[in-house]
Structures are given as structure tokens and as C-alpha cells.
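What follows is a short report on a single structure.
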Amino acid sequence: MSQVTTEIKRAYRFALDVGPTQIEILQRYATASRCAYNFAHAFFLAHDRMWERGRNVLMAGGMDRREATAKAPKVKRPGRNHAQAFWRATHGEPFIGPLREGEERRPVFAWWEKVHNRAYYTAFEDAAVAWQNHMNSRTGRRAGAMMGKPHFKAQGRCRESFRIVHDVKNPSIRFTGPRRLRIPGGGGQAAFTVRLHQKAASLIALIEEGTAVITSVTVTRHAHRWYASVLCTVHQHIPDQPTRRQRAAGRVGADLGVLNRLALTDPLTLTAGQDPQTLIGKPHYVASTERKLLRAERQMARRRVKGAEQQSKGYEEAKAKVAKLKAQLAMRRASNLHLISKRLVQQYGEIALETLNVKGMTSSAKGIVENPGRNVRAKAGLNRAILEASFGELNRQIEYKARWHAVTIARVPTYFASSRLCSNCGWKNTTQTLKDRTFRCLECNMVLDRDLNAARNIKKHAVPVQ
């Protein structure tokens with residue numbers, strides 16, 4: 001079996017072991033990145049409102065919205081470079097608004113000091129990309145539903161993070177040891193080295209042999225812990241065909257669900273020493289974390305004083321505990337998805353999946369005032385369960401990992417009735433509801449679990465994706 005060397009982008013995520021001094025530096029960088037994003041967003045938003053005012057004048061003159069949009073005076077859309085030029089020209093200007101008693105005038109953007117300039121240049125780029133995606137969606141050049149305008153990042157509500165890129169020919173982001181990562185400084189702040197919670201020996205080995213090159217690092221805070229995601233350009237060897245074991249296993253049909261995360265036509269071994277499974281449910285460590293989170297949220301609600309300007313110390317402790325459990329739950333869910341997708345592409349040569357419209361599946365049942373919906377609370381609970389199951393993320397992981405292992409992906413159409421067809425004779429049960437967990441065929445008398453029957457239909461009718 002021959003292999004092809006392909007250049008891919010791959011991120012390696014490490015938990016950081018930092019002290020109070022370094023946490024203060026990381027928070028300063030994250031604050032600078034957030035402020036820079038908001039600065040660029042306000043700059044782009046001002047130009048967009050200039051265009052809207054011209055369109056509104058035409059609409060006030062009796063022109064309909066579509067014609068006014070097409071004939072509105074053109075406003076040149078600025079890009080990242082324009083935002084950077086405006087930033088360089090204004091960031092040193094003094095604050096001109098009202099001052100508090102005893103407050104001295106200072107530069108408008110005092111946060112730019114002691115921060116590497118790449119921290120806010122990448123934020124300008126992120127804001128420009130967000131606006132470009134919105135404009136492409138508005139003009140029809142972007143597939144999918146219409147995207148709304150980008151929003152400002154509010155302090156305390158957005159995730160603390162920043163991204164730094166460097167010159168790969170003269171790298172300033174590098175490992176100085178198995179558990180040491182150097183992050184460049186700037187503006188009077190010297191470069192600093194953060195300690196990793198786990199060793200990066202495997203990535204360091206790839207860098208030393210020239211297989212991987214660091215292009216950027218993104219530092220993010222999740223609840224009580226900071227993480228560094230090191231993005232690398234990796235020269236990866238990808239086989240041109242599945243292994244002998246994968247070819248012998250052949251095709252597997254997979255049905256994604258809520259009660260059973262995954263129903264398979266053939267057994268899958270998730271961990272060594274564990275029996276192969278065809279019905280994969282929610283892992284016990286995820287369920288236990290969900291129960292702990294529920295109790296912690298109730299405790300936080302009991303300690304909250306309504307209308308109080310400042311909450312008690314007990315409430316702040318309960319709030320921190322809830323944030324910690326939410327971050328832990330998110331990581332455990334993500335870890336389980338990666339485990340399932342990895343084992344699927346390692347053990348089978350072809351994977352048959354559904355083409356799911358997750359946005360349509362999770363639409364609200366509220367309806368409108370003239371025509372209110374029914375069973376709104378039950379539908380809301382189903383929507384939460386579908387989003388928790390992460391159908392879209394699991395599909396995404398299987399697709400890109402399948403390319404790494406030369407695995408074929410086959411799919412059935414979006415509205416294929418996999419749960420209502422008999423996988424044995426093809427009879428269709430038109431009266432089956434979501435409450436019916438067992439499929440009973442009235443033609444051939446087959447009795448089978450609903451999800452397993454759907455997986456068999458997917459395996460039988462799926463067509464390989466080119």
C-alpha cells in the first residue's frame with residue numbers, strides 16, 4: 001500500500017500550568033485582542049451604516065427594499081489594512097470625553113502597551129473575516145442561511161482568548177523544553193515562557209525532523225484553566241487505500257440519535273478490553289458530570305440575591321463551580337466524539353451516514369400569535385437533546401478523519417425515511433412516531449430496535465460521496 005504526503009493544518013491543544021503573574025499577562029493580551037476586535041468592528045460598522053443611510057433615503061422616496069438595495073450609492077468597503085491604518089493614526093490620541101474626579105487624560109487605547117502587536121492585528125483580521133462572511137451571505141455568494149451582522153464582544157460575556165502568528169523563517173513561537181512554550185512579547189513586555197500541563201514530546205519530535213512547522217498559537221481560557229492551541233503545518237502521510245483490516249470489515253451503517261448516540265450495523269470497539277458495541281449511548285462520565293452540574297446550578301440559584309448590586313462570596317464561589325463543571329462537561333463530550341469518530345475510521349473501509357438538516361430539526365415550535373405551536377416545551381427539550389448529541393460535529397470529524405485514513409463516506413438523502421422502512425423487505429410504516437422505539441414489520445413480521453433498523457437501511461441505500 002503506497003502513501004501520499006499531504007500538507008495539512010493541524011492544531012495541538014495543551015493545558016497550561018500558569019501562576020498569578022502569567023495569568024495577569026494572558027488576561028492583558030486577551031483584553032487587548034477583544035478591544036482591537038471591537039475597534040475594527042466599529043470601524044466596519046460605521047461604513048456599513050453610511051451605505052444603509054443612502055439606501056433608506058431611496059426607500060423613503062417610495063422605492064421598494066430590493067430595488068433600493070441595488071441602487072443605493074456605493075460605499076467602499078474597508079478591509080483589515082484600512083482598520084490597521086486608522087488604528088495607527090488614532091491610538092495615541094487622548095481621551096476627549098468627560099473625566100471622573102481626579103482622573104487624568106490618557107490615550108484612548110491605553111491597553112495597547114506591553115502587548116505584542118500581533119495580538120491585535122489578528123483581531124483586526126478576525127473582524128474583517130466576520131464582516132466579509134456577512135457581506136457574502138447578504139449578496140448570495142455564501143451558501144446557507146442569511147448571516148446577521150457581527151456583534152461587539154462584551155467584557156465578561158465573551159471568551160477570553162488571543163491569537164499570535166509569527167514568521168516561520170524566524171520563529172518566535174517555539175518549544176524550549178518538553179513542557180515549555182515560548183510566547184513572544186511586545187511593547188515593553190518581554191517574551192515569556194508558559195509551562196504545559198502535559199508533555200509535547202510528540203509534536204517537538206515532528207518539528208525537529210521537519211515534518212511540522214508552527215504557524216500560530218491561540219491562547220484561550222475555559223472557566224478556571226488556560227489552554228494553548230498550537231496550529232502547525234504538518235506534512236502527513238495519507239494512504240491511497242484502506243488497510244487490509246478495513247477492507248475486510250467493509251461498509252458500516254451509522255444512525256445518529258438522541259437516546260442512542262450511535263446505532264451501528266456492525267460492532268465497534270471503543271476501548272481495549274471492552275466488548276464491541278452496536279448501540280453506543282451516553283458515556284457514564286458525561287452523565288455523572290451532568291448530574292453534578294444540575295446540583296451546582298440549583299445551589300447557585302439559591303444563593304443569588306435578586307436585585308442586589310453585589311452578590312455574596314458564596315454566590316461567586318457557586319458561580320465559579322458551575323463554570324468549571326460546564327467546561328469539564330464540554331471537554332468530556334468533545335473527547336467522546338473524537339473517540340467515536342477515530343475508531344470508526346480505523347476499523348471500517350466505508351462509512352454510511354445520513355445527511356441531516358440539524359437547523360431544521362432544532363427549529364422552534366412556538367409558532368406565531370395567530371397560529372401558536374403545540375407541545376412547545378417538549379419540542380424545546382428535544383432540540384436541546386439534539387444539539388447536545390452534536391450531529392453536525394460528529395459528521396465533520398468523521399469526514400476529515402476519513403480522508404486521513406482513505407475511508408469512503410457514503411450518504412443517504414436528507415429526507416430518506418430510514419426509520420420507517422423495513423430493512424428486510426422494504427415495507428414502509430407510515431404511522432410510526434418518535435415514541436415507538438421498536439420497529440415491527442407487518443409484511444415479514446421482523447421485530448428490531450428502531451435505531452438498528454435505520455442503520456441497516458442507511459447501509460443498504462447510501463451512495464458514496466465523490
> Would you find a donor on one side and an acceptor on the other, under 3.5 Å apart, between the side chain of Asn38 and the backbone of Cys35?
Replying inline: no
>> For Arg13, I'd like to know if atom CZ has over 12 heavy atoms of other residues, nucleotides or ligands within 6.0 Å.
In response: yes
> What is the minimum heavy-atom distance between Lys379 and Ser363, and which atoms define it?
Replying inline: NZ-O, 2.9 Å
> Closest heavy-atom contact between Ser172 and Arg182?
Replying inline: O-NH1, 2.5 Å
> Quick one: side chain to side chain contact (heavy atoms under 4.5 Å, CB included) partners of Arg343, sequence neighbours excluded?
Replying inline: Leu268, Leu270, Leu339, Gln346, Gln347
>> Please determine whether the number of non-hydrogen atoms from other residues, nucleotides or ligands lying under 6.0 Å from atom CD of Glu316 exceeds 12.
In response: yes
> Under 3.5 Å, side chain of Asn336 to main-chain N/O of Arg332, donor-acceptor pair present?
Replying inline: no
> Are the side chain of Asp436 and the backbone N or O of Gln432 linked by a donor-acceptor pair below 3.5 Å?
Replying inline: no
> Rounded to the nearest 0.5 Å, how far apart are CZ of Phe44 and CE of Met135?
Replying inline: 12.0 Å
> In Å and rounded to the nearest 0.5 Å, what is the CG to NE2 distance from Leu421 to His461?
Replying inline: 6.0 Å
> So is Arg77 actually on top of Trp51's ring, under 6.0 Å and inside 45° of the axis?
Replying inline: yes
>> If only side-chain N and O atoms count, and only distance matters, is there a donor-acceptor pair under 3.5 Å linking Lys401 with His338?
In response: yes
>> Which residues pass the side chain to side chain contact (heavy atoms under 4.5 Å, CB included) test with Ala200, not counting sequence neighbours?
In response: Phe14, Phe175, Leu196, Ile204
> So, Ser335 side chain and Met331 main chain: donor-acceptor pair closer than 3.5 Å or not?
Replying inline: no
> Which heavy atom in Val18 sits nearest to a heavy atom in Gln22, and how many Å separate them?
Replying inline: CG1-OE1, 3.3 Å
> Taking side chain as C-beta onward, heavy atoms only, is Glu125 less than 4.5 Å from Arg163?
Replying inline: yes
> Would you say Asn260's side chain and Leu279's backbone share a donor-acceptor pair under 3.5 angstrom?
Replying inline: no
> Which heavy atom of Arg225 sits nearest a heavy atom of Ala15, and at what distance?
Replying inline: CD-CB, 3.8 Å
> If every non-hydrogen atom of Cys232 is compared with every non-hydrogen atom of Tyr12, which pair is closest and at what distance?
Replying inline: SG-CD1, 4.1 Å
>> What I want to check is whether the side chains of Lys460 and Ser423 have a donor and an acceptor closer together than 3.5 Å.
In response: no
> Parallel, tilted or perpendicular: which fits the ring planes of Phe124 and Phe39, with parallel below 30° and perpendicular above 60°?
Replying inline: tilted
>> I'd like to know if Arg396 pairs up with Glu399 as an ion pair, taking the criterion as any Lys NZ or Arg NE/NH1/NH2 lying under 4.0 Å from an Asp or Glu carboxylate oxygen.
In response: no
> Side-chain donor-acceptor pair under 3.5 Å between Glu350 and Thr408, yes or no?
Replying inline: no
>> Any carboxylate oxygen within less than 4.0 angstrom of a Lys/Arg side-chain nitrogen, looking at Arg456 and Asp451?
In response: no
>> Using the ring centroid of each side chain, check whether His116 and Tyr29 are separated by less than 6.0 Å.
In response: no
>> Determine whether a donor-acceptor pair (N or O, by modelled atom type, separation under 3.5 Å) exists between the side chain of Ser137 and the backbone of Asn133.
In response: no
>> Please check: side-chain N/O of Thr355 versus main-chain N/O of Thr414, any donor-acceptor pairing under 3.5 Å?
In response: no
>> In the structure I gave you, are the side-chain heavy atoms of Leu264 and Leu344 within less than 4.5 Å of one another anywhere?
In response: yes
>> Take a 6.0 Å sphere around CZ of Arg141 and say whether it holds more than 12 heavy atoms from other residues, nucleotides or ligands.
In response: yes
> Is a side-chain N or O of His134 found less than 3.5 angstrom from the main chain of Gly148, in a donor-acceptor match?
Replying inline: yes
>> As a test of understanding, state which of Tyr37, Phe86, Trp131 forms a ring-ring contact (aromatic ring centres under 6.0 Å, His included) with Phe43.
In response: Phe86
>> Quick check on side-chain contact (heavy atoms from CB on, under 4.5 Å): which of Ile207, Thr218, Leu181, Thr215 does Val230 satisfy it with?
In response: Leu181
>> Nearest 0.5 Å, please: how far is CD1 in Ile164 from OG in Ser216?
In response: 10.0 Å
>> Ignoring hydrogens, what is the shortest heavy-atom contact between Val217 and Ala228? Give both atom names and the distance.
In response: CG2-CB, 4.2 Å
> Taking 4.0 angstrom as the limit, do Glu388 and Arg261 come out as a salt bridge?
Replying inline: yes
> Between Arg411 and Glu354, is there a donor-acceptor pair closer than 3.5 Å when you use the side chain of the first and the backbone of the second?
Replying inline: yes
> Under 3.5 Å, is there a donor-acceptor pair between the His237 and Thr5 side chains?
Replying inline: yes
>> Looking at Lys324, I'd like to know if its NZ atom is crowded, meaning that more than 12 non-hydrogen atoms belonging to other residues, nucleotides or ligands lie closer than 6.0 Å.
In response: no
>> Do the side chains of Glu290 and Arg333 get close enough for a salt bridge, i.e. N-O under 4.0 angstrom?
In response: yes
>> A cation-pi test, strictly: NZ or CZ of Arg450 under 6.0 Å from the centre of the six-membered ring of Phe439 and no more than 45 degrees from its axis. Yes or no?
In response: no
